[in-house]
Colleague: 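Got a structure for you, written out below as structure tokens; questions coming shortly.
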Amino acid sequence: VGCGICINRCPFDAIMIIGLPEELTAPTHRYGPNAFALYGLPVPQAGRVTGILGPNGIGKSTAVQILSGTLVPNFGEGTGNWEKVLQHYSGTALYDYFSEVIDGNIKVSQKPQYVDMIPKAFKGKTSELLDKTDERGVLSELIERLGLTPVIDRNITELSGGELQRVAIAACAARDADFYFFDEISPYLDIYQRINSAQLIQEISKDKAVLVVEHDLAILDMLADVVHVAYGQPGAYGVITYPKGVRIGINQYLKGYLPEENVRIRPEAIKFEVHPPRVETDIETLVDYEGFSKKYGNGFALESENGSLKQGEVLGIVGPNGIGKSTFVKILAGEINPDEGKLDLTITISYKPQYIKPDVTMPVQYFLRGISRKFDTSYFQSEVAKPLNLEPLYERNLTDLSGGELQRVAIAACLCRDADMYILDEPSAHLDVEQRSMTTKVIKRFAENSGKTAMVVDHDIYMIDMLSERLIVFEGEPAVYGKAHQPSSMQDGMNRFLANLHITFRRDEDTSRPRVNKPDSRLDREQKASGEYYYHN
Ligand code: ADP
Ligand code: ADP
Ligand code: MG
């Protein structure tokens, strides 16, 4: 407020945006009078991966449409024409780029954001979809590297989210293009698959321009060479900054302040702890559980060690897809029984499943109010509803919500129930980077303030790192067997987890965020030799 930029309400709660960034004087494109406006553009460049870091609804797809030549930017009014575009960018890297676009020399290959839509658009087998994209003669290698061989003869409609995501990545990468755009690679993928896909995309960028949008910051950090930070007010306007080195860009984003632009994008910084949380021994035990096992008819077997859960702690749960994490939490939650006996935990559990499907049609507000009277307390409103930005959803119908909207409602619903323990299965799914950080804060403060225990299953390392005091690590062979280890300290758990992944992390000097070490770098080798995969001082 007072900065003159915000069209509606200040998105940063009356935090002044200091100074008017130059690019705010004239937009790159405006959809119409009072419609969404985009300021700035990312600059794709052969030989590097360019990342965009920022919330959804800020104009990323609009920018890609412009860069692929399907939308002519109008610089704020009327209909655009290419001559004006060239004039506007004369003397910049975008001039050369758009000259090529106009001459029809830029071929674009895109991976869409929402892979769940693919089965609606394509009926047929995986092989039929992929064969058409084999323009570089590398398809069979991609299928192999992305682990798609087992699903190649299956119908697209039968694939899981993670399989669809990898099919979409393969299809985009197989094409022969000049400009590749990956609109998120991590949804539905575990950390093994995310790293694998990131490496594959880096190889493409050796001689091609690659643009990625990614909300998993550990992955964006290892994948991109430069990032454009995107900020603004989702749905109203978006600003894309000039490119920044990936480390600097992510650090500025986390701190919430962009010095070059002189813009504060968030009132407070997102912070990481340098040291693992201490494991307090004198905290009261919430519940002890015996070891258990579960075998499904299709042969998958889960084995869990015994364990002890403490009052008020947040436990992270990590491991690959298909290893039994959801089965484990469902058994703890009493939704399914282990093979022998019943895990008779005398505690009540509130559980947010991984896949959320609304089974009732009603406005969000009635749904949440119907769960508990807690919903109307000022505590719940200020600590949960507000940070999750639920108010704009109150009148909307549960069945009309997008994936990210439904996720926020489901997290709130889980925390609204009265229980001794809260289990959240993949809360980061469908959330953008800003929403993930808010969700992390909400869960952490909720556990701290209410003294209730929480378990969070997630693949986003930043979220797990910020949230967890202890860790339950899963190992095994996906879809065949899984083993749940006892809860351990963050240090022991992360070291075990990352040793399986063959990667090491260091802490950024400036923000303390974890950063993946370059494979075979000096630090990587030292840390592997000493078994310090995660915490290294
Ligand atoms: P992102 O990719 O960052 O999520 P988009 O570029 O898809 O954002 O959209 C940014 C905003 O522009 C949204 O509010 C969207 O409703 C609006 N928008 C997108 N396309 C059009 C269009 N053809 N006409 C008017 N508004 C549009
Ligand atoms: P994760 O949460 O680690 O991805 P899950 O617990 O969802 O793993 O699944 C572990 C394995 O068990 C997978 O191979 C999955 O296909 C299988 N599975 C999960 N639920 C069932 C079920 N109800 N019936 C048969 N198999 C199942
Ligand atoms: Mg799961």
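Not measured: the values here are computed from a predicted model. Remember, it's 1-based here, ligands and their atoms both numbered in the order they're listed.
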Colleague: Considering the heavy atoms of T62, write down every atom of ligand 1 situated less than 4.0 Å from one of them.
Modeller: 5 (P), 6 (O), 9 (O)
Colleague: Can a side-chain donor-acceptor contact be found between Y289 and S304 if the only test is distance below 3.5 angstrom?
Modeller: no
Colleague: Knowing that exactly one of K483, K325, R496 qualifies, which makes a salt bridge (Lys or Arg N to Asp or Glu O under 4.0 Å) with E475?
Modeller: R496
Colleague: Would a line drawn from the ring center of Y533 to the ring center of H502 be shorter than 6.0 Å?
Modeller: no
Colleague: Tell me whether ligand 2 is touched by P478 - counting only heavy atoms on the residue side and a distance under 4.0 Å.
Modeller: no
Colleague: Between Y188, F474, F300, Y296, flag the one that comes closest to atom 27 (C) of ligand 2 by a heavy atom.
Modeller: Y296
Colleague: Which option, A236, S61, G235, owns the non-hydrogen atom nearest atom 13 (C) of ligand 1?
Modeller: G235
Colleague: Looking only at the side chains, is there a donor atom on one of T50 and Q45 sitting less than 3.5 Å from an acceptor on the other?
Modeller: no
Colleague: Which atoms of ligand 1 have any heavy atom of I58 under 4.0 Å away?
Modeller: 1 (P), 3 (O), 8 (O)
Colleague: If we set the cut-off at 4.0 Å for heavy atoms, which region of V457 has an atom near ligand 2: side chain, backbone, both, or neither?
Modeller: neither
Colleague: In terms of residue, atom name and distance, what is the protein heavy atom nearest to atom 23 (N) of ligand 1?
Modeller: Y31 CE2, 3.5 Å
Colleague: Can you name the nearest heavy-atom pair linking Y188 to N321, along with the distance?
Modeller: O-ND2, 3.0 Å
Colleague: Using heavy-atom distances, let me know which of S160, G322, A301, G162 sits nearest atom 4 (O) of ligand 2.
Modeller: G322
